[in-house]
Amino acid sequence: MTVLRFDNVSKHYPGGHVALADVGFEVAEGEMLFITGHSGAGKSTLLKLIHLSERPSRGAVLFGERNLMKVRGRRVALHRRDVGVVFQDHRLLTDRSVFENVALPLILRGMRRGEIGKRVRSVLDRLGLGARERALPTQLSAGEQQRVGIARAVVGEPRLLVADEPTGNLDPTLSAEILALFASLPERGTSVLIASHDLGLVKRMKRRVLVLDHGKLVDDIAPEDLADE
Ligand SMILES: Nc1ncnc2c1ncn2[C@@H]1O[C@H](COP(=O)(O)OP(=O)(O)OP(=O)(O)O)[C@@H](O)[C@H]1O
Ligand SMILES: [Mg+2]
């Protein structure tokens, strides 16, 4: 089963700047892969097309059977339930507790309070944040804050998780920890696509790597073809 497909996707920003040129690839259900490339190569743009923060200029993005071109209006929010997003700066609400930050996506979809409590606590325990649920984000370390961002992205059990430079602000030990967390998601039914310019880190993970260069997909490297450092 294919969870995501890019079909000859191009993206030109206003002003004529080409961010993606004729990009095509598929992601299988349960896959974890990376997207890498120089600054400005188009990594963030590619992820934005998946969670509908941007629209392609040409080509089609398919999410399972869903053609994202046809997803408009109210359906955008419904689509986003299926795509968890982790940002580099995690974008937590600073005046809300860890628990409330993670509960928010479930509250927005109208889930019962009892069910929300159960789900949030289970995710927080899994990410080692069980004891911190009442803390405010500012009372947490950088690594803990990033884990709250991940908890919020996975609490709704999305089919796909996209993460944009999720380890950008973290030291190597924490980065490895966060990536190990991502690696545990596919077995729970969530595919994972991570944008990162940290080639060393990406290679150590031994997963498929897509390489963008000036908006073009120039390589699609299988794990077994990743050279050891
Ligand atoms: N909103 C925008 N308007 C105009 N141009 C944009 C916009 N967003 C991105 N671009 C341009 O599109 C190209 C791709 O940008 P993108 O942010 O996708 O790159 P990136 O690979 O994520 O880079 P980085 O590693 O620095 O995050 C860049 O040249 C950038 O300047
Ligand atoms: Mg980027």
Side-chain angles (χ1 to χ4, degrees), residues 3-27 31-63 68-69 71-72 76 79-80 83-92 142-143 145-150 152-154 158 160-172 174-176 178-179 181-182 185 191-205 207-221 226 229:
V3 64
L4 179 71
R5 193 168 110 207
F6 272 55
D7 251 353
N8 302 103
V9 171
S10 296
K11 172 68 182 175
H12 308 240
Y13 283 109
H17 200 102
V18 178
L20 292 174
D22 228 9
V23 169
F25 66 94
E26 284 190 11
V27 176
E31 204 173 359
M32 171 174 172
L33 73 164
F34 289 89
I35 178 133
T36 189
H38 61 85
S39 180
K43 306 179 294 295
S44 297
T45 300
L46 189 147
L47 298 188
K48 285 175 184 168
L49 297 179
I50 300 168
H51 58 86
L52 293 179
S53 300
E54 290 288 350
R55 300 280 180 173
S57 313
R58 270 204 312 273
V61 180
L62 294 120
F63 186 81
L68 297 192
M69 189 112 72
V71 176
R72 304 261 165 199
V76 171
H79 169 67
R80 287 186 181 147
V83 182
V85 183
V86 176
F87 303 95
Q88 176 172 352
D89 56 356
H90 49 71
R91 304 193 192 174
L92 301 174
Q145 290 178 18
Q146 191 57 299
R147 276 186 277 151
V148 176
I150 295 169
R152 184 185 50 190
V154 300
L160 178 68
L161 183 86
V162 299
D164 198 353
E165 305 284 357
T167 60
N169 294 326
L170 306 179
D171 68 39
L174 274 175
S175 299
I178 296 291
L179 287 178
L181 262 174
F182 285 134
L185 294 175
S191 309
V192 183
L193 175 56
I194 302 168
S196 174
H197 61 256
D198 186 346
L199 211 55
L201 193 77
V202 167
K203 280 182 174 168
R204 282 197 291 282
M205 292 302 290
R207 306 284 174 143
R208 178 181 173 201
V209 181
L210 304 177
V211 185
L212 282 175
D213 187 352
H214 294 96
K216 292 204 175 77
L217 187 59
V218 293
D219 217 343
D220 185 344
I221 312 168
L226 283 172
E229 282 187 88

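Everything quoted here is computed from the prediction, not taken from an experiment. Counting convention: from 1, in listed order, for ligands and their atoms alike.
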Undergrad: Using a strict 4.0 Å cut-off to heavy atoms of S44, name the atoms of ligand 1 that fall inside it.
TA: 17 (O), 18 (O), 20 (P), 22 (O), 27 (O)
Undergrad: I want to know if ligand 1 touches V18 in the polar sense, i.e. an N/O pair below 3.5 angstrom.
TA: no
Undergrad: Look at atom 30 (C) of ligand 1 and say whether a protein heavy atom is found at less than 4.0 angstrom from it.
TA: no
Undergrad: Nearest non-hydrogen contact with atom 13 (C) of ligand 1 belongs to which option: G40, G37, S196, S53?
TA: G40
Undergrad: Using only atom types and a distance under 3.5 Å, with no angle test, would you say the side chain of H79 pairs donor to acceptor with the backbone of I50?
TA: yes
Undergrad: Would you say T45 has an N, O or S atom lying under 2.8 Å from the Mg ion (ligand 2)?
TA: no
Undergrad: For the 3.5 Å polar cut-off, considering only N or O atoms, please tell me whether H17 and ligand 1 meet it.
TA: yes
Undergrad: Which residue owns the protein heavy atom closest to atom 4 (C) of ligand 1, what's the atom, and how far is it?
TA: Y13 CB, 3.3 Å
Undergrad: Pull out every atom of ligand 1 sitting under 4.0 Å from any heavy atom of A19, numbered as shown with elements.
TA: 12 (O), 13 (C), 14 (C)
Undergrad: Main chain of V85, side chain of R80: is a donor-acceptor contact present, judged purely on distance under 3.5 Å?
TA: no
Undergrad: Output yes when K43 and D164 qualify as a salt bridge under the 4.0 Å nitrogen-oxygen rule, no when they do not.
TA: no
Undergrad: Would you find a donor on one side and an acceptor on the other, under 3.5 Å apart, between the side chain of T36 and the backbone of V211?
TA: no
Undergrad: Which heavy atom of A153 sits nearest to which heavy atom of L161, and what is that distance?
TA: CB-CD1, 3.5 Å
Undergrad: Please check if the side chain of S10 supplies one atom and the backbone of D22 the other of a donor-acceptor pair under 3.5 Å.
TA: yes
Undergrad: Look at atom 15 (O) of ligand 1 and find which of T45, I35, L20 reaches it with the closest heavy atom.
TA: T45
Undergrad: Check each atom of ligand 1 against the heavy atoms of H38 and keep those under 4.0 Å away; list them by number with element.
TA: 21 (O)
Undergrad: May I ask you to check if ligand 1 and K43 share an N or O to N or O distance below 3.5 Å?
TA: yes
Undergrad: Has the side chain of Q146 got a donor or acceptor atom that lies under 3.5 Å from a matching backbone atom of T167?
TA: no
Undergrad: Of all the non-hydrogen atoms in the protein, which one sits nearest to atom 26 (O) of ligand 1, and at what distance?
TA: S39 OG, 2.6 Å
Undergrad: More than 12 heavy atoms of other residues, nucleotides or ligands under 6.0 Å from NE2 of H38: is that the case?
TA: yes
Undergrad: How far apart are the closest heavy atoms of V61 and P56, and which atoms are they?
TA: CG2-CG, 4.3 Å
Undergrad: N/O of E54 under 3.5 Å from N/O of ligand 1, yes or no?
TA: no
